[in-house]
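Read the structure below first, then the notes.
In each ligand, atom 1 is the first atom listed, and ligand 1 is the first ligand listed.
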Amino acid sequence: SKQLGKNRCQFYSSDMQETARRRVQLEAELRVAIERREFVLYYQPIIDAGSGHVTGAEALVRWQHPLRGRVSPDEFIAIAEDTGMIVPIGAWVLDEALRQANEWLAQGLPELRLAVNVSGVQFREQGLLELIAQAARKPGFERIQLVLEITESVLMQSSDATEALMREIGKLGINYSLDDFGTGYSSLSYLKRFPVDHVKIDRSFVSDCLDDVNDALLVEAIINMAHSLGLNVTAEGVETESQREFLSARRCDFLQGYLISPPLPADEFRSFVLRSRAT
Ligand code: C2E
Ligand code: CA
Ligand code: CA
Ligand code: CA
């Protein structure tokens, strides 16, 4: 068994080497990907829980690698954050999402709330304000309801400077949504201190809310607490009809998840909105 232990050790270490190698490779390829613009945005519909109408979308980045195929953001966003590459990637995401929103408006789509994920790394860069201010000066911007999705960790690690930056950006007519709500350790004081007007219940609570009484209570508590603070609530990761009923019965405002639709390429999102209006 000593022998076995040794082999296991080797197995693990070569496994770790493999992971490290892939990471180094992805990092190098990510630099190239930025120059070659190998990214594309998908849009996941968000519906009003009451009417079922599409009221918005979350933009989600995809990396179309020429050889590896599609690399998941769960794999490359962390690398991009560690290396600072999230700054140019995030700038592209914002630009592209706004360009697309303008195109939809020109095609006669109704005004929608457009949510874009912003990393904490971007928030620690002063360039973010200028980036958004530039976007806000472009024609058509006033018809786009831009929402920045930030995670609790952005607020937890934040300083007075972050708070000031958030308020400056907020003055440009941009709202904030607190993503993955419930997974961090934020307290009510964060919601009071920062100009957040929306929370998104993390999908881990949504997925278990019918089997786990604690998750059910938590979901209920988040909705009630958010409402008493005047915030809207979106549930993410809604996959079943019973989850939808549970959430609607508890007055959750908006729903997002595979039950409604997976993230879609821009043209499919457009058709989805038109179909949803027709019914
Ligand atoms: P997130 O912000 O929590 O985004 C929601 C994720 O849940 C997306 O994964 C989405 O495809 C997935 N999802 C949606 N509905 C369901 C469902 O019903 N069931 C399940 N199991 N999953 C569902 P995706 O697109 O792979 O993105 C993963 C994460 O990568 C995002 O999590 C976000 O943190 C990050 N990310 C994606 N795009 C961007 C971006 O442009 N900038 C930054 N900074 N991060 C991004
Ligand atoms: Ca998000
Ligand atoms: Ca989320
Ligand atoms: Ca998440």
Should the proximity of Glu236 to ligand 1, defined as any heavy atom under 4.0 Å, be assigned to the side chain, the backbone, both, or neither? side chain
With heavy atoms of Pro73 as the reference, note each atom of ligand 1 found under 4.0 Å away. 24 (P), 25 (O), 26 (O), 27 (O), 28 (C), 30 (O), 37 (C)
Smallest separation among heavy atoms of Val206 and Gly237, with atom names: CG1-O, 3.8 Å
Ligand-residue contact atoms, ligand 1 with Asp180, heavy atoms, under 4.0 Å: 3 (O)
Short version for Ile89: what comes under 4.0 Å of ligand 1, heavy atoms counted, is neither
Within the 4.0 Å heavy-atom shell around Ser119, which atoms of ligand 1 are there? 44 (N)
Is it true that the side chains of His227 and Asp253 contain a donor and an acceptor less than 3.5 Å apart? yes
Looking at every heavy atom in both Leu165 and Phe123, which two are closest together, and how far apart are they? CD2-O, 3.2 Å
Give a yes or no on whether Ile223 and Leu210 share a hydrophobic cluster (residues Ile, Leu, Val, Met, Phe, Trp, Tyr; joining criterion: side-chain heavy atoms under 4.5 Å apart). yes
Identify the heavy atoms of Asp180 and Glu152 that sit nearest to each other, and give their distance. O-OE1, 3.7 Å
Heavy atoms only, cut-off 4.0 Å: how does Asn117 contact ligand 1, side chain, backbone, both, or neither? both
Any carboxylate oxygen within less than 4.0 angstrom of a Lys/Arg side-chain nitrogen, looking at Arg22 and Glu75? yes
I'd like the name of whichever of Arg203, Gln243, Glu58 reaches closest to atom 7 (O) of ligand 1 through any heavy atom. Arg203
Cation-aromatic face contact Arg37/Phe39, 6.0 Å, 45 degrees: no
So, is Glu239 polar-close to ligand 1, with some N/O to N/O distance under 3.5 Å? yes
Sub-4.0 Å atoms of ligand 1 with respect to non-hydrogen atoms of Asp179: 2 (O)
Would you call Arg62 a ligand 1 contact, heavy-atom distance under 4.0 Å? yes
Could an N or O of ligand 1 be found under 3.5 Å from any N or O of Gln122, whether backbone or side chain? no
Test item: side-chain donor near acceptor, Glu38 and His65, under 3.5 Å: no
Ligand 1 and Val61, any nitrogen or oxygen pair closer than 3.5 angstrom? yes
Is the closest heavy atom of Pro263 to ligand 1 under 4.0 Å? yes
So which bit of Glu81 gets within less than 4.0 Å of ligand 1, heavy atoms only: side chain, backbone, both or neither? neither
Just which atoms of ligand 1 are under 4.0 Å from any heavy atom in Val93? 41 (O)
Locate the shortest heavy-atom distance separating Pro73 from Arg62; write the atom from each residue and the value. CG-NH1, 3.5 Å
What distance separates Phe254 CZ from Leu247 CG, expressed to the nearest 0.5 Å? 13.5 Å
With the Ca ion (ligand 2) as the centre, enumerate protein N/O/S atoms below 3.0 Å in chain and residue order. Glu58 OE2, Asn117 OD1, Glu149 OE1, Asp179 OD2
Pairing of Glu27 and Arg31 as salt bridge, 4.0 angstrom limit: yes
When the side chains of residues 108-119 are checked against the rest of the protein, which donor-acceptor pairs come out under 3.5 Å, sequence neighbours left out?
residue: Glu111; atom: OE2; partner: Arg143; partner atom: NE; Å: 3.2
residue: Arg113; atom: NH2; partner: His198; partner atom: ND1; Å: 3.1
residue: Asn117; atom: ND2; partner: Glu58; partner atom: OE2; Å: 2.9
residue: Asn117; atom: ND2; partner: Ala59; partner atom: O; Å: 3.4
residue: Ser119; atom: OG; partner: Glu81; partner atom: OE2; Å: 2.8
residue: Ser119; atom: OG; partner: Val121; partner atom: N; Å: 3.0

How does Val238 reach ligand 1, by side chain, by backbone, by both or by neither, if only non-hydrogen atoms under 4.0 Å count? backbone
Below 4.0 angstrom, N of the basic side chain to O of the carboxylate: do Arg68 and Glu29 qualify? yes
Does Arg36 have more than 12 heavy atoms from other residues, nucleotides or ligands lying within 6.0 Å of its CZ? no
